[in-house]
Amino acid sequence: MKLYENISLKHYNTFGIEAIAQNFIEITNYSDLIEIFKSHILQNKNFFILGGGSNVLITDDYNGVVLHPTFKGIEIKEKTDVVVLLKVYAGEVWDDFVDFCVKNNFGGIENLSFIPGNCGAAPVQNIGAFGVEIKDCIESVEIFNLLTGKFITLSNPECNFGYRTSVFKNEYKKNWLIVSTTYKLPKVSHNYKTHYGNLNDELKKYEDINLQSIRQSVINIRTSKLPNPKEIGNAGSFFKNPIVTTEKASELKNKYQDAPVYPISDTEKKLAAGWLIEKSGWKGFKNGNVGVHSKQALVLVNYGNAKGNEIIDLSEKIKESVFEKFGVKLETEVNLL
Ligand code: EPU
């Protein structure tokens, strides 16, 4: 187990926020987990699990222990003529895993190409894009209790997945670390999902529709709309798309015919936060270190040396103005530390 003191987190979060962690532990294998538990190093301390740092906003120096899992590995657990069960460890880079699946002709997660971050964080917020969420491919999630030393495996229903949420954001948030996730992916007769947004249009550039061309199309769209965190600090969508009553959605649609409204159920609809923010005049806004991305208003950016609180202040102003104009409350999607 590698333990560091007073380490800068700037290169461990895609927002590129400078902050100091009092302690930082890199977890490289299973025995590190046991060692952390046996050493009681976390007793009576604040601690936080940081994966790829692509969905977190650090608001201040951290007076506690940051745990950073780096153990990698993809294991084929079972293969039949129709499905494959794959176990992937927390420190594996998410997009490397997607690339591995596409290259091996395992379908199901190709629409989730190029999402930044590590595999350990993916189930936490049930990552989703282009009409696919990982909950549809997860068989189970193995977790470790850092304070009791207990490993357990939760089945898909036990993870209680929802839109950008799961038990790992709620009852299993405190003290539990995701060790590995097992995916169940179809091997043949892929059920491609290409209806979302402009994915179909982008696919026309390719001769065939297959896992590789879908992956490439998703990468093309993402790189054209979303800022590259290596160039401009950001954490993807800063807000969730709000879920409102069907009456509220109809009221909005009557007033603004171009408002995107997505079906959820008879009683609820999902709105596009990016559209609401753009219509409130924020798209492309820049003030000093912080701003709103010019091609996707859902994404807040750090243009240089922003402090976490500057991003929070901007997000609060956006929330207020969207509420004033549309009567819709936006919720933060990124985790705050
Ligand atoms: N829109 C605007 N203005 C904007 C942004 C969007 O009018 O500035 C409109 C678009 O024209 C479209 C609608 O809003 O009609 C939806 O936009 P888009 O398809 O870009 O997707 P999104 O709902 O804004 C979600 C995810 C993204 C994911 C995309 C593509 C959330 C919070 N965000 O964004 O995920 O990549 O769909 O599937 O659900 C992330 O979670 O970090 C993330 C980037």
Side-chain angles (χ1 to χ4, degrees), residues 13-15 51-57 94-95 98 109-118 121-136 161-166 169 193-203 214-215 217-229 232-244 249 252-253 256-264 269-285 291-301 315 318-319 321-322 325-326 328-335:
N13 72 102
T14 59
F15 249 127
S54 60
N55 200 44
V56 67
L57 176 63
W94 170 258
D95 195 52
V98 178
I109 56 171
E110 58 283 358
N111 288 32
L112 306 179
S113 289
F114 220 55
I115 294 182
N118 290 354
V124 177
Q125 52 147 2
N126 178 24
I127 56 171
F130 299 97
V132 172
E133 289 182 327
I134 56 163
K135 72 171 171 49
D136 301 328
F161 290 118
Y163 168 61
R164 292 297 193 275
T165 190
S166 70
K169 267 193 162 177
K193 293 204 173 120
T194 60
H195 60 280
Y196 189 94
N198 50 350
L199 185 51
N200 248 327
D201 289 341
E202 188 65 29
L203 268 165
I214 295 173
R215 171 168 166 76
S217 301
V218 167
I219 293 175
N220 297 348
I221 298 171
R222 287 188 76 95
T223 39
S224 70
K225 274 203 204 168
L226 299 169
N228 179 352
I232 304 175
N234 76 92
S237 302
F238 193 86
F239 303 100
K240 290 188 193 181
N241 282 332
I243 294 170
V244 297
L252 190 80
K253 198 78 188 164
Y256 307 92
Q257 272 90 45
D258 63 328
V261 173
Y262 307 103
I264 298 267
K269 301 283 175 275
K270 188 151 79 179
L271 306 178
W275 184 91
L276 296 167
I277 297 168
E278 179 175 347
K279 289 285 166 188
S280 304
W282 289 98
K283 197 170 183 170
F285 172 87
V292 178
H293 188 51
S294 57
K295 293 183 192 152
Q296 166 52 292
L298 249 190
V299 179
L300 304 191
V301 295
S315 78
I318 292 172
K319 281 182 182 174
S321 87
V322 166
K325 188 167 170 72
F326 298 105
V328 174
K329 279 193 179 151
L330 291 184
E331 261 181 56
T332 302
E333 202 247 295
V334 300
N335 299 303

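Worth knowing before you read on, the calculation uses all heavy atoms, side chains too, and leaves out hydrogens, waters and symmetry mates. Note that ligands are numbered from 1 as they come in the structure, with each ligand's atoms numbered from 1 the same way. Residues: numbered from 1 along the sequence shown.
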Closest to [atom] among [options] (heavy-atom distance):
atom	options	value
atom 21 (O) of ligand 1	Phe130, Tyr196, Phe114	Tyr196
atom 44 (C) of ligand 1	Ala259, Gly131, Ser237	Ser237
atom 6 (C) of ligand 1	Gln296, Glu278, Lys295, Lys270	Gln296
atom 16 (C) of ligand 1	Trp275, Phe238, Tyr262, Phe239	Tyr262

Report task. Heavy atoms only: give me the nearest Asn234-Ile232 pair and the separation to one decimal. Result -> ND2-O, 3.0 Å
Query raised in the report: Salt bridge or not for Asp258 and Lys279, using N-O below 4.0 Å?
Result: yes
Below 4.0 angstrom from a heavy atom of [X], which ligand 1 atoms are there? Numbered from 1 as shown, please.
X	result
Lys225	18 (P), 19 (O), 20 (O)
Tyr163	31 (C), 32 (C), 39 (O)
Lys283	3 (N), 4 (C), 8 (O)
Gly236	42 (O)
Leu298	24 (O), 32 (C), 33 (N), 34 (O)

Query raised in the report: Only one of Glu202, Arg215, Lys225 clears side chain to side chain contact (heavy atoms under 4.5 Å, CB included) with Asn220; which?
Result: Glu202
Requested in this report: Sort out for me which residue in Leu298, Leu271, Leu330 forms a side chain to side chain contact (heavy atoms under 4.5 Å, CB included) with Asn241.
Outcome: Leu298
**Report entry** Heteroatom proximity flag, Ala129 to ligand 1, N/O under 3.5 Å
**Finding:** no
Report task. Please say whether Ala272 places an N or O atom under 3.5 Å from an N or O atom belonging to ligand 1. Result -> no
Who's the nearest protein heavy-atom neighbour of [atom], and how far?
atom	value
atom 26 (C) of ligand 1	Arg164 NH2, 3.5 Å
atom 36 (O) of ligand 1	Arg222 NH1, 3.3 Å
atom 15 (O) of ligand 1	Pro260 CG, 3.4 Å
atom 23 (O) of ligand 1	Asn241 ND2, 2.8 Å
atom 8 (O) of ligand 1	Ala297 N, 2.8 Å

Query raised in the report: Would a search of protein heavy atoms around atom 11 (O) of ligand 1 find one under 4.0 Å away?
Result: no
Query - atom 31 (C) of ligand 1 touched by protein (heavy atom, under 4.0 Å) - result: yes
Query - Aromatic Tyr262 / basic Lys269 pairing, under 6.0 angstrom, 45° off normal - result: no
Query raised in the report: Below 4.0 Å from any atom of ligand 1, is there a heavy atom belonging to His293?
Result: no
Query raised in the report: Does the gap between the ring centers of Phe114 and Trp94 come in under 6.0 Å?
Result: no
**Report entry** Donor-acceptor pair between Lys135 and Ser166 side chains, under 3.5 angstrom
**Finding:** no
To the nearest 0.5 angstrom, please state how far the [atom1] atom of [X] sits from the [atom2] atom of [Y].
X	Y	atom1	atom2	result
Arg222	Ser113	CZ	OG	9.0 Å
Thr194	Leu203	OG1	CG	6.0 Å
Lys169	Arg164	NZ	CZ	8.5 Å

Requested in this report: Apply the test side chain to side chain contact (heavy atoms under 4.5 Å, CB included) to residues Asn126 and Tyr163: give CA-CA distance (whole Å), side-chain angles for both, the deciding distance (0.1 Å), then the verdict.
Outcome: CA-CA 7 Å; Asn126 178 24; Tyr163 168 61; 6.0 Å; no
Report task. Would you check if Ile318 and Val322 make a side-chain contact, meaning some heavy-atom pair closer than 4.5 Å? Result -> yes
